[in-house]
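To start, the structure itself, in structure tokens.
FYI, side chains are in, hydrogens and waters are out, and symmetry mates aren't considered; it's all heavy atoms of this structure. Please read all numbers here as calculations on a predicted model, not as lab measurements.
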Amino acid sequence: LLIKKGKIFPVFKGFYSVIPISYSLIGIVPPEFYIDDLMKYLNRQYYVCLLNAASHYGAAHQKPQIFSVITSLPTLRDTSKRNVKINFIATRKEIPRKWIISVRGENGDFLISKPELTAADLITFQKEIGGLNRSCTVVCELMESVKFGKLDKCFFDYVPTSTIQRLGYLLENELGQTEQANILFSKARTLNCKFQKLPLKSNKSVENCEINDKWKIIINEEIEIEDL
């Protein structure tokens, strides 16, 4: 009855969000409003990531159509209710609290990735947002907020080495961020990251492709930065 009257919004099995007056006309509530309460209800570690985190730092100008959240295992099913889509991405690793910040939303605080982790996740989970070109475009915008000098062992334990390689190569050779790329490289060396040859774009032929010796990246994809 309360759902029909537009007083509450069904978010997840057994979990409802009260619809504040400011949203009563559209009858839906943005996920920022209840994501922290939902994760506490589900007893999951989490952080808001990808385009949703990037937009908080002024990158990804369009409002993301999907709300992306990284959570601890087991995997949660994505939800789609009244045009509100939440994409849950499960990680086997311990979520690095040091690389997450709490931000103030309309209905209280919720957790998002810091700019450095956001940049890495955009490369790791590029398929979730439409591919490598889109990821590069957003990373390029995000770099104003990124300071790789702060990176520590905790960061490199969480972020796959393959992501470090791809991100570093892209920053140096496609995004004009040589200084930040060099900082990332020296941090990776100091923390004994073992680079192995890998393609820039996975699941694509590497035949007759050049190899970047520094980052050990097989260049099998041309990058086109999109207009945001």
Side-chain angles (χ1 to χ4, degrees), residues 11-13 15 17 29-81 84-130 134-139 141-164 166-167 184 187 191:
V11 174
F12 208 83
K13 190 177 178 184
F15 182 89
S17 173
V29 185
E32 293 95 328
F33 204 85
Y34 51 74
I35 193 67
D36 196 70
D37 288 336
L38 174 61
M39 292 295 112
K40 282 174 182 158
Y41 169 77
L42 295 170
N43 195 25
R44 295 296 174 90
Q45 285 192 310
Y46 83 98
Y47 63 93
V48 174
C49 60
L50 302 178
L51 298 179
N52 305 94
S55 62
H56 179 79
Y57 301 112
H61 294 301
Q62 302 121 331
K63 187 157 175 61
Q65 300 299 305
I66 295 174
F67 192 79
S68 300
V69 182
I70 287 180
T71 72
S72 50
L73 286 169
T75 307
L76 294 167
R77 288 177 65 174
D78 296 348
T79 73
S80 182
K81 300 261 173 68
V84 176
K85 293 179 181 174
I86 305 179
N87 178 24
F88 294 111
I89 304 164
T91 177
R92 295 178 186 283
K93 295 185 177 179
E94 180 78 19
I95 288 176
R97 190 65 187 85
K98 186 174 178 182
W99 291 97
I100 310 297
I101 57 166
S102 182
V103 298
R104 178 57 48 93
E106 287 180 78
N107 189 40
D109 298 348
F110 61 96
L111 304 175
I112 72 168
S113 48
K114 288 183 177 178
E116 296 77 14
L117 181 54
T118 303
D121 283 343
L122 284 162
I123 301 301
T124 306
F125 303 109
Q126 55 189 265
K127 287 180 186 156
E128 306 288 343
I129 65 161
R134 184 83 200 279
S135 291
C136 284
T137 304
V138 181
V139 167
E141 295 267 307
L142 189 61
M143 288 311 292
E144 287 178 25
S145 307
V146 168
K147 293 183 175 65
F148 285 138
K150 299 177 184 173
L151 299 188
D152 59 2
K153 186 175 185 301
C154 163
F155 183 90
F156 285 92
D157 284 347
Y158 180 73
V159 174
T161 302
S162 58
T163 292
I164 301 295
R166 289 184 176 114
L167 179 58
L184 183 62
K187 287 273 184 182
L191 290 159

(message) Walk me through whether Thr75 and Leu73 qualify under side-chain contact (heavy atoms from CB on, under 4.5 Å).
(response) CA-CA 5 Å; Thr75 307; Leu73 286 169; 3.9 Å; yes
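- In this structure, the side chains of Leu117 and Tyr158 come closer than 4.5 Å at one or more pairs of heavy atoms.
- Looking only at side-chain heavy atoms (C-beta outward), Phe15 and Asp37 come within less than 4.5 Å of each other.
- Counting heavy-atom neighbours within 6.0 Å of Asp109 CG, excluding the residue itself, gives a total above 12.
- The OG atom of Ser68 sits 11.0 Å away from the OH atom of Tyr47 when rounded to the nearest 0.5 Å.
- Between Lys85 and Gln65, the closest heavy-atom pair is CB-O, 4.3 Å.
- For the atom pair OG1 (Thr118) and CH2 (Trp99), the distance works out to 11.0 Å, reported to the nearest 0.5 Å.
- Across every non-hydrogen atom of Phe110 and Gly105, the tightest pair is CE2-CA, 3.9 Å.
- Once rounded to the nearest 0.5 Å, the distance linking CZ of Phe156 with OG1 of Thr161 reads 8.5 Å.
- Using a 30° and 60° split on the angle between ring planes, Phe12 and Phe88 fall in the perpendicular class, above 60°.
- Summarising the geometry of Ser113 relative to Ala53, their closest heavy-atom pair is OG-CB, 3.5 Å, with the distance given to 0.1 Å.
- Tyr46 contributes a side-chain N or O that, together with a main-chain N or O of Leu111, makes up a donor-acceptor pair within less than 3.5 Å.
- Side chains of Val146 and Tyr57 form no contact here, defined as non-hydrogen atoms less than 4.5 Å apart.
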(message) Under the criterion side-chain contact (heavy atoms from CB on, under 4.5 Å), I'd like the reasoning laid out for Asn52 against Ile112: C-alpha separation, chi angles, the key distance, then a yes or no.
(response) CA-CA 8 Å; Asn52 305 94; Ile112 72 168; over 6 Å; no
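- Considering all non-hydrogen atoms of both residues, Lys98 and Cys154 come closest at CB-SG, 4.5 Å.
- Rounded to the nearest 0.5 Å, atoms CE (Met39) and CG (Leu76) are 5.5 Å apart.
- A donor-acceptor contact shorter than 3.5 Å is absent between the side chain of Arg44 and the backbone of Ile70.
- Here the side chain of Ser135 pairs a donor or acceptor atom with the backbone of Leu122 at under 3.5 angstrom.
- Once rounded to the nearest 0.5 Å, the distance linking CD1 of Ile129 with CG of Leu51 reads 4.5 Å.
- Here the shortest heavy-atom pairing between Val29 and Tyr34 reads O-CE2, 3.5 Å.
- Side chains of Thr79 and Val11 form no contact here, defined as non-hydrogen atoms less than 4.5 Å apart.
- With contacts defined as side-chain heavy-atom distances shorter than 4.5 Å, the pair Ile89/Leu50 qualifies.
- No side-chain heavy atom of Val139 sits less than 4.5 Å from a side-chain heavy atom of Gln126.
- Looking at Lys187, its side chain never comes within 3.5 Å of a backbone N or O of Asp152 through a donor-acceptor pair.
- Rounding to the nearest 0.5 angstrom, the gap separating the CG atom in Leu191 from the CD1 atom in Ile164 is 9.5 Å.
- The two residues Val69 and Ile86 make their nearest non-hydrogen contact at CG2-CG2, 4.1 Å.
- Contact of the Val84 side chain with the Phe67 side chain is not registered, since no non-hydrogen atoms from C-beta on lie closer than 4.5 Å.
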(message) Set out, in order, the CA-CA distance, both residues' side-chain angles and the distance that settles side-chain contact (heavy atoms from CB on, under 4.5 Å) for Leu167 and Phe148, then state yes or no.
(response) CA-CA 12 Å; Leu167 179 58; Phe148 285 138; 3.9 Å; yes
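- Side-chain atoms of Asp121 and Ile123, non-hydrogen and from C-beta on, never get closer than 4.5 Å to each other.
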(request) Under the side-chain contact (heavy atoms from CB on, under 4.5 Å) rule, what do Arg97 and Gln45 come out as? Steps first, then yes or no, please. (result) CA-CA 9 Å; Arg97 190 65 187 85; Gln45 285 192 310; over 6 Å; no
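- Shown here is Lys93, whose NZ atom has more than 12 heavy atoms of other residues, nucleotides or ligands within 6.0 Å.
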